[in-house]
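Inspection log for the structure reproduced underneath, given as structure tokens.
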Amino acid sequence: DGLKLDERVSDSFGKDSGKTIFIMGTIAGRLGSEQGATSASTLTRIRNSAANVVFDVNLRPPWYRSAEVLQLARGNDASEELALVKLNEDELSILEEWCG
């Protein structure tokens with residue numbers, strides 16, 4: 001928790017960094033806590049600049065909210081698709097409810 005973005009981390013994941021895959025998940029952001037908000041912000045910033053993103057959904061109560069999970073999944077640019085989404089059947093059902 002409390003993962004902050006610094007230049008070293010930021011430079012490691014840009015599209016021009018040579019890194020090809022960034023794996024992130026909701027547990028790292030602990031999307032219901034204050035420290036988790038810092039990590040979630042960092043994940044979002046890296047997610048929006050990484051070339052290929054794998055998203056591990058990991059919905060574990062009480063550490064998520066639909067809006068925050070969907071923001072991580074969607075990123076800031078709708079053209080930046082996820083390379084892969086890892087989730088179980090229960091998580092798929094929840095995402096289906098949220099997305100209609």
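Sequence positions, counted from 1, serve as the residue numbers for this chain.
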L84: partners by side chain to side chain contact (heavy atoms under 4.5 Å, CB included), with sequence neighbours left out:
V54
Quick one: side-chain hydrogen bond (donor to acceptor under 3.5 Å, both in side chains) pairs with a partner in residues 82-93, sequence neighbours left out?
D56-K86, R60-E91
Of all residues at least two apart in sequence or in a different chain, which pass the side chain to side chain contact (heavy atoms under 4.5 Å, CB included) check with I94?
L59, Y64, W98
Reported CZ-to-CD distance for the pair F55 and E81, which is rounded to 0.5 angstrom:
15.0 Å
Min side-chain heavy-atom separation L95-L70 under 4.5 Å
yes
